Amino acid sequence: MEALKGVRNAIDLTLPFGTTSALSYCFDDGDNFPIFPCLLDLQLGIDYCFGWKLLPYFLENSPVLRYISLYRESETKYTTAIAEGKHKEADDTYGWKPPKQVPECLMGRLKNIEVRNLWRRKAECEVVKYLLENGKALAKMRISFEEDGISDEIDEDTIENFPRASESMILKISD
């Protein structure tokens, strides 16, 4: 957590899979998660173990956030680790717990969201739905699915039918 506190004044922050996984071990309920008063652009790796656990805290503690890129780790890597006994099966929610209140950034600043490499799982559906339903300032959201994803719990039509807080937002979905 000290590492995050050390970069709390960053304007642009990139945290790959391994980093988000390590940081997720540091806390359970978001206590002492630093505030990022200047953070405009966030790139967050979503790993196969803790997944979405850090996202709600970044949303709650980054009031001026305008762009988020979420990149899901390959499902092939995850299923290989399970098969080799190197990792136990992850919880279906992958750590996603929506914020108690709609974060300030979603109310008026967050303009662009990119979500890449989704596995087509229900937990991902909940994250995307939350962002669409609460992103009042969203101008654009791009979503892509992992080419070799083995699940079919969500699809393009499901996402297209989610309610949107921003009527003018452009939603692009691709494989």
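All of these numbers come straight from a predicted model, not from anything done at the bench.
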J.: Considering non-hydrogen atoms only, spot the tightest contact between Pro163 and Glu133 and give its length.
T.: CG-OE2, 3.4 Å

J.: Could Glu104 and Arg109 be called an ion pair, given the rule that one side-chain N must be under 4.0 Å from one carboxylate O?
T.: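 Salt bridge between Glu104 and Arg109, a charged N being under 4.0 Å from a carboxylate O: no.
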
J.: Should Glu156 and Arg120 be marked as a side-chain contact (heavy atoms from CB on, under 4.5 Å) after you check the CA-CA gap, both sets of side-chain angles, and the distance that decides it?
T.: CA-CA 9 Å; Glu156 292 82 350; Arg120 297 182 182 269; 3.3 Å; yes

J.: Taking the six-membered ring where the residue is Trp, are the ring centres of Phe145 and Trp119 under 6.0 Å apart?
T.: no

J.: So Cys105 and Ser62, do their side chains get closer than 4.5 Å, heavy atoms only?
T.: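 The answer is no, as the side chains (C-beta and beyond) never meet within the 4.5 Å cut-off.
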
J.: Quick test of your reading of the model: are Glu2 and Lys5 salt-bridged, counting only N-O distances below 4.0 Å?
T.: yes

J.: Show the numbers, then the answer: is there a side-chain contact (heavy atoms from CB on, under 4.5 Å) between Ile113 and Leu110?
T.: CA-CA 8 Å; Ile113 299 175; Leu110 191 58; 3.7 Å; yes

J.: Closest heavy-atom contact between Ile68 and Leu55?
T.: CD1-CD1, 4.4 Å

J.: Determine, stepwise, if the pair Phe58 / Leu44 fulfils side-chain contact (heavy atoms from CB on, under 4.5 Å).
T.: CA-CA 10 Å; Phe58 273 107; Leu44 199 59; 4.0 Å; yes

J.: Decide whether Ile35 and Leu42 are clustered together by the hydrophobic rule: side chain heavy atoms of Ile, Leu, Val, Met, Phe, Trp, Tyr closer than 4.5 Å, transitively.
T.: no

J.: Here's a test for you: under salt bridge (charged side-chain N to carboxylate O under 4.0 Å, His left out), which of Arg116, Lys129, Arg72 qualifies with Glu124?
T.: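 Checked Arg116, Lys129, Arg72 against Glu124; only one passes salt bridge (charged side-chain N to carboxylate O under 4.0 Å, His left out): Arg72.
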
J.: As an exercise, state the distance from OH of Tyr57 to CG of Leu23, rounded to the nearest 0.5 Å.
T.: 13.0 Å

J.: CD1/Ile159 to SG/Cys125 distance, rounded to the nearest 0.5 angstrom?
T.: 6.5 Å

J.: Using a strict cut-off of less than 4.0 Å between a Lys/Arg side-chain nitrogen and an Asp/Glu carboxylate oxygen, indicate whether Glu167 and Lys136 qualify as a salt bridge.
T.: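 Lys136 and Glu167: not salt-bridged.
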
J.: Does the pair Asp41/Arg66 count as a salt bridge with the N-to-O cut at 4.0 Å?
T.: yes

J.: Assign the ring pair Phe17 / Tyr71 to parallel, tilted or perpendicular, where the plane angle (0 to 90°) is split at 30° and 60°.
T.: tilted

J.: If you look at every heavy atom in Cys38 and Asn9, which pair is closest and at what distance?
T.: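 Result for this residue pair: CB-O, 3.9 Å.
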
J.: Determine, stepwise, if the pair Leu138 / Leu106 fulfils side-chain contact (heavy atoms from CB on, under 4.5 Å).
T.: CA-CA 8 Å; Leu138 273 179; Leu106 281 172; 5.6 Å; no

J.: At their closest point, which heavy atom of Met169 faces which heavy atom of Lys140, and how far apart are they?
T.: CG-N, 3.8 Å

J.: Are Leu59 and Val64 co-members of a hydrophobic cluster defined by side-chain heavy atoms under 4.5 Å apart?
T.: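 Val64 and Leu59: separate clusters.
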
J.: Please name the pair of heavy atoms, one in Ser166 and one in Gly135, separated by the smallest distance, quoted to 0.1 Å.
T.: CB-O, 3.5 Å

J.: Quick check for you: to the nearest 0.5 Å, what is the distance between Leu13 atom CG and Leu40 atom CG?
T.: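 That separation rounds to 11.5 Å.
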
J.: Might you point out which heavy atoms bring Gln101 and Tyr130 nearest each other, and give the distance in Å?
T.: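 So the two residues come closest at O-OH, 4.0 Å.
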
J.: Name the residue from Val127, Val128, Asn134 that meets the side chain to side chain contact (heavy atoms under 4.5 Å, CB included) definition with Leu131.
T.: Val127

J.: Measuring from atom CZ of Arg142 to atom CG of Leu171, what distance do you get when rounded to the nearest 0.5 angstrom?
T.: 11.5 Å

J.: How many angstroms lie between atom CG of Leu54 and atom OG1 of Thr20, to the nearest 0.5 angstrom?
T.: 6.0 Å

J.: Tell me whether Tyr67 is reachable from Leu132 by hopping between hydrophobic residues (I, L, V, M, F, W, Y) whose side-chain heavy atoms are closer than 4.5 Å.
T.: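 Different clusters: Leu132 never reaches Tyr67 through Ile, Leu, Val, Met, Phe, Trp or Tyr contacts under 4.5 Å.
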
J.: Look up atom NZ in Lys53 and atom CD1 in Ile46, then write down how far apart they are to the nearest 0.5 Å.
T.: 13.0 Å

J.: Do Ser174 and Ser144 come within less than 4.5 Å of each other through their side chains, counting heavy atoms only?
T.: yes

